[in-house]
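What follows is a short report on a single structure.
Reminder, nothing fancy here: chain letters follow the sequence lines and each chain counts from 1.
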Protein chains: 2
Amino acid sequence: MFGMNDDAVFRALADASRRQLLDRLYDQSGQSLGELCQGLEMTRQAVAKHLAILEEANLVSVKWQGREKLHFINPVPINHIAERWINKFERRQLSALSALKKALEGDGDQ
Amino acid sequence: MFGMNDDAVFRALADASRRQLLDRLYDQSGQSLGELCQGLEMTRQAVAKHLAILEEANLVSVKWQGREKLHFINPVPINHIAERWINKFERRQLSALSALKKALEGDGDQ
DNA sequence: GTTATAGGCAACTATTTGGTTGCATGTCAA
DNA sequence: TTGACATGCAACCAAATAGTTGCCTATAAC
């Protein structure tokens, strides 16, 4: 169910700062390192490290333009995880779960 | 795009051992700690820690039965992430590809 | 040229994390 | 009751992680 290839993606997504960077790239792809640093309470080097991890997980692709390094979001790994993993839960169990969920909501814990 | 509430889920999913435990629980829900330990190259205490993290992320629910602690997989947080996050990538950019893929596969499982 | 800008590289630090061992607690079975 | 079994709790350890600072390189602008 879980492929070992997905490991880097899961680990990359584990950090809130990296998810925030993906957020920003989702809103506007093609930003440079400097642009991505703006407003973050981190040094440029820290941001660069996060971007490198996202790059290694293939969640972000880069393209040099002069002295600027532009970052582009890459949806393929996320789709890969979604197809191989999340849909397995969602598609099979969520339909039955919807009913169960409502039933359990009055049931407290267990 | 990323809710802070999802943080525990993302962090829990970041570890391959924990994903393996979810695999096992997906195959057979309601297993005890001892059962989940079998075949793993980890001490029982390590497995218990992993399960505690999955519990805290609400990915696993537990129920005591005598001296055994039974573990049940909970698909809600994963669905939550899928709905709030992954679908944003998938539905927009891969819809055409998805349809094509399923058409080519003959729509086997689910 | 010189200088400012964009980024990379390396060393270091503190905290988190994944794992261990040892012992304590609670439950079932004889 | 005694012993075996299932799990919890706490201390400890090594490695990974997130972040820093300091300096170096390359491109652009003047």
Report task. Report yes if the side chains of A/V62 and A/F72 come closer than 4.5 Å at any heavy-atom pair, otherwise no. Result -> no
Report summary line: To the nearest angstrom, the CZ-P distance between A/R44 and D/dC23 comes to 14 Å
Query raised in the report: Counting side-chain heavy atoms from CB outward, which of C/dT20, D/dT7, C/dG7 is closest to B/M42?
Result: C/dT20
Query raised in the report: Are A/D23 and A/R19 ion-paired here, with the side-chain N under 4.0 Å from a carboxylate O?
Result: no
Query - Rounded distance (Å) that lies between atom P of C/dG7 and atom CG of A/L51 - result: 10 Å
Query raised in the report: Is the backbone of B/A14 close enough, under 3.5 Å, to the side chain of A/R11 for a donor and an acceptor to pair up by distance?
Result: no
Query raised in the report: What about B/R18, does its side chain sit under 3.5 Å from the base of C/dG18 through a donor-acceptor pair?
Result: no
Query - Base of D/dG8 paired with side chain of B/R67 (donor-acceptor, under 3.5 Å) - result: no
Requested in this report: Specify the separation, in whole Å, of atom CD of B/Q31 and atom P of D/dA6.
Outcome: 14 Å
Report summary line: Against the side chain of B/Q45, the closest entry in C/dG19, C/dC23, D/dT20 is C/dC23
Requested in this report: Write down the distance between CZ (A/R11) and P (D/dA16), rounded to a whole number of angstrom.
Outcome: 10 Å
Query raised in the report: Does OP1 or OP2 of D/dG8 have a side-chain N or O of B/K69 closer than 4.0 Å?
Result: yes
**Report entry** Donor-acceptor pair (no angle test) under 3.5 Å: A/E41 side chain, D/dG19 base
**Finding:** no
Query raised in the report: Between B/H50 and C/dT17, does any side-chain N or O lie under 4.0 Å from OP1 or OP2?
Result: no
Query raised in the report: Going by an N to O cut-off under 4.0 Å, is there a salt bridge joining A/E68 and A/K63?
Result: no
Query raised in the report: C/dG18 C1' sits how many Å from B/R19 CZ, rounded?
Result: 14 Å
Query raised in the report: Rounded to whole angstrom units, what separation is found between the CG atom of B/L36 and the C1' atom of D/dT7?
Result: 13 Å
Report task. Confirm from the modelled atom types if B/E68 and C/dG26 form a donor-acceptor pair under 3.5 Å, side chain to base only. Result -> no
Report task. Name the residue closer to the 5' end of DNA chain D, choosing between B/H71 and A/G66 according to the nucleotide with the nearest heavy atom. Result -> B/H71
Report task. Check every atom of C/dT21, C/dG8, D/dT20 against the side chain of A/A48 and return the nucleotide holding the closest atom. Result -> C/dG8
Query raised in the report: Separation of A/W64 atom CH2 from D/dT27 atom P, in whole Å?
Result: 9 Å
Query raised in the report: Taking the side chain as C-beta and beyond, is there a heavy-atom pair between B/H80 and B/D6 under 4.5 Å?
Result: yes
Report summary line: Separation of C/dG18 atom P from B/E56 atom CD, nearest Å, is 13 Å
**Report entry** Below 4.0 Å: OP1/OP2 of D/dG19 and any side-chain N or O of A/T43
**Finding:** no
